[in-house]
Amino acid sequence: MKNKIVAGNWKMNKTFSEADDLLFTLAENLKDVRLETEVIVCPPALYLEMAVDASEESNFYVGAQNVAYAEKGAYTGEISAEMLRSADIQFCIVGHSERRTYFHETDADLAKKVDLLLKNEIVPIFCCGERKEERENGTYFQVIKSQLENALFHLTKEEFDGTIIAYEPVWAIGTGLTATPAQAQEVHAFIRKLVEEKYGTETAYNTYILYGGSCNAKNALDLFTCNDIDGGLIGGASLVAEDFMAIINAAETAISND
Ligand code: 13P
């Protein structure tokens, strides 16, 4: 079985000293342990450099939560892919539902972001997922298919090989309403089938598809033991070192049980 990935999305949380504390604790906990799971920490942009420093002494990667859709220039407040690359950032979340909703990011914007990240050798963690009403009216497969087709499937096979997908049902994010393992597995299998149709069986097998949405220390193992769930993108539970470590341990258990 392939390894798992557990990524923590801190969103807009933590002061400078709180970020320092959490990074220090994670670095200590992950140091000198041999993990089959790849751990990625995605703090706010202000703390990326601090996170890269902490990661150098430890065993995790650092990801950004967002990137500009433009290459460089007069875009006040934005951070470019080239800037992330120059700060040794290896991953970047793209298309999180909070960015789609509150910052009106479109599929066209996301496609440009994905292209710029790949050009700078940063792995996009591309988020897709349906809203509550789309789950309830049964259109969720179509919604996810169009998100992938419009912002990710323009890539060549070689480019696509450098991406990660995260399925995050919007109704499960920050709500405590986790998708059941069966609900999550159903969509993950659907996504993998779409990848297979577009890029072939080998790429589909190798693609990491993470689950996000109220994933925590209690439910992580049940989710991670599903066939098509390759790990998690964790929000709230990544803000407490103990909880995040428990989720990483659940990923390790899921790998060793397989
Ligand atoms: P929660 O784990 O807080 O539900 O957030 C999930 C998420 O949005 C990760 O990107």
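When a residue number appears, it is its place in the shown sequence, counting from 1.
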Any link between [X] and [Y] through a network of hydrophobic side chains (Ile, Leu, Val, Met, Phe, Trp, Tyr) touching at under 4.5 Å?
X	Y	result
Leu46	Leu84	yes
Met50	Leu239	yes
Leu210	Val62	no
Ile93	Ile229	no
Leu116	Val114	no

Distance, nearest 0.5 Å, that separates [atom1] of [X] from [atom2] of [Y]:
X	Y	atom1	atom2	answer
Thr106	Arg100	OG1	CZ	9.0 Å
Cys92	Ile79	SG	CD1	9.5 Å
Leu194	Gln147	CG	CD	11.5 Å
Glu121	Gln90	CD	CD	10.5 Å
Ile248	Ile5	CD1	CD1	12.5 Å
Glu196	Thr207	CD	OG1	10.5 Å

What pairs of donor and acceptor atoms, side-chain ones from residues 161-174 against any protein atom, are under 3.5 angstrom apart with sequence neighbours left out?
{"from": "Asp161", "atom 1": "OD1", "to": "Thr203", "atom 2": "OG1", "distance (Å)": "3.4"}
{"from": "Thr163", "atom 1": "OG1", "to": "Phe160", "atom 2": "O", "distance (Å)": "2.8"}
{"from": "Tyr167", "atom 1": "OH", "to": "Glu130", "atom 2": "OE1", "distance (Å)": "2.9"}
{"from": "Tyr167", "atom 1": "OH", "to": "Glu130", "atom 2": "OE2", "distance (Å)": "3.0"}
{"from": "Tyr167", "atom 1": "OH", "to": "Arg135", "atom 2": "NH2", "distance (Å)": "3.3"}
{"from": "Glu168", "atom 1": "OE1", "to": "His96", "atom 2": "NE2", "distance (Å)": "3.0"}
{"from": "Trp171", "atom 1": "NE1", "to": "Glu130", "atom 2": "OE2", "distance (Å)": "2.8"}

Check: [Y] and [X] side chains under 4.5 Å, non-hydrogen atoms:
X	Y	answer
Asp243	Asn216	no
Pro44	Gln65	yes
Ile125	Ile40	yes
Asn59	Val39	no
Glu38	Asn3	no
Phe224	Ile247	yes
Asp115	Leu155	yes
Leu233	Cys215	no

Open item on the list: For Tyr199 together with Phe153, are the ring centres under 6.0 Å from each other?
Closed with: yes
Please list, one pair per line, the donor and acceptor atoms closer than 3.5 Å that link side chains of residues 26-36 to other protein atoms, with sequence neighbours excluded.
{"from": "Glu28", "atom 1": "OE2", "to": "Lys31", "atom 2": "NZ", "distance (Å)": "3.4"}
{"from": "Asn29", "atom 1": "ND2", "to": "Thr25", "atom 2": "O", "distance (Å)": "3.1"}

Keeping [X] on the side-chain end and [Y] on the backbone end, is there a donor-acceptor pair under 3.5 Å?
X	Y	answer
Ser58	Ser55	no
Asp222	Asn219	no
Asn120	Ile122	no
Thr180	Gln183	yes
Thr101	Glu98	no

Which heavy atom in [X] sits nearest to a heavy atom in [Y], and how many Å separate them?
X	Y	result
Leu22	Val240	CD1-C, 4.4 Å
Leu110	Ala151	CB-CB, 3.9 Å
Leu117	Pro124	CD1-CB, 4.0 Å
Ser214	Leu177	OG-N, 3.7 Å
Asn66	Glu105	OD1-OE2, 3.7 Å
Trp10	Pro43	CE3-CB, 3.6 Å

Task: Thr37 versus Glu252, side-chain donor and acceptor atoms under 3.5 Å - done: yes
Task: Side-chain H-bond candidate by donor/acceptor type, His188 with Asp230, under 3.5 Å - done: no
Task: Hydrophobic cluster partners of Tyr102 (side-chain heavy atoms under 4.5 Å) - done: Phe103
Task: Residues Asp20 and Lys14 bridged, charged N to O under 4.0 Å - done: no
Task: Test salt bridge (Lys or Arg N to Asp or Glu O under 4.0 Å) applied to Lys72 - qualifying residues, sequence neighbours left out - done: none
- [ ] Could you name each residue pair satisfying ring-ring contact (aromatic ring centres under 6.0 Å, His included) that touches residues 117-147, not counting sequence neighbours?
- [x] Phe141-Phe190
Task: Of all pairs that satisfy ring-ring contact (aromatic ring centres under 6.0 Å, His included), the ones with a partner from residues 29-73, not counting sequence neighbours - done: Phe16-Tyr47, Tyr61-Phe91
Task: Candidate list Glu82, Glu71, Glu159, test side-chain hydrogen bond (donor to acceptor under 3.5 Å, both in side chains), partner Lys119, passing option - done: Glu71
Open item on the list: Does Ile191 form a side-chain contact (heavy atoms from CB on, under 4.5 Å) with Cys128? I'd like the steps, not just the answer.
Closed with: CA-CA 10 Å; Ile191 294 172; Cys128 59; 4.0 Å; yes
TODO: May I ask you to check whether over 12 heavy atoms, not counting those of Glu49, lie within 6.0 Å of atom CD?
DONE: no
Open item on the list: Would Lys193 and Glu197 count as a salt bridge (charged side-chain N to carboxylate O under 4.0 Å, His left out) here? Give the steps.
Closed with: CA-CA 6 Å; Lys193 191 167 133 283; Glu197 282 163 11; 3.5 Å; yes
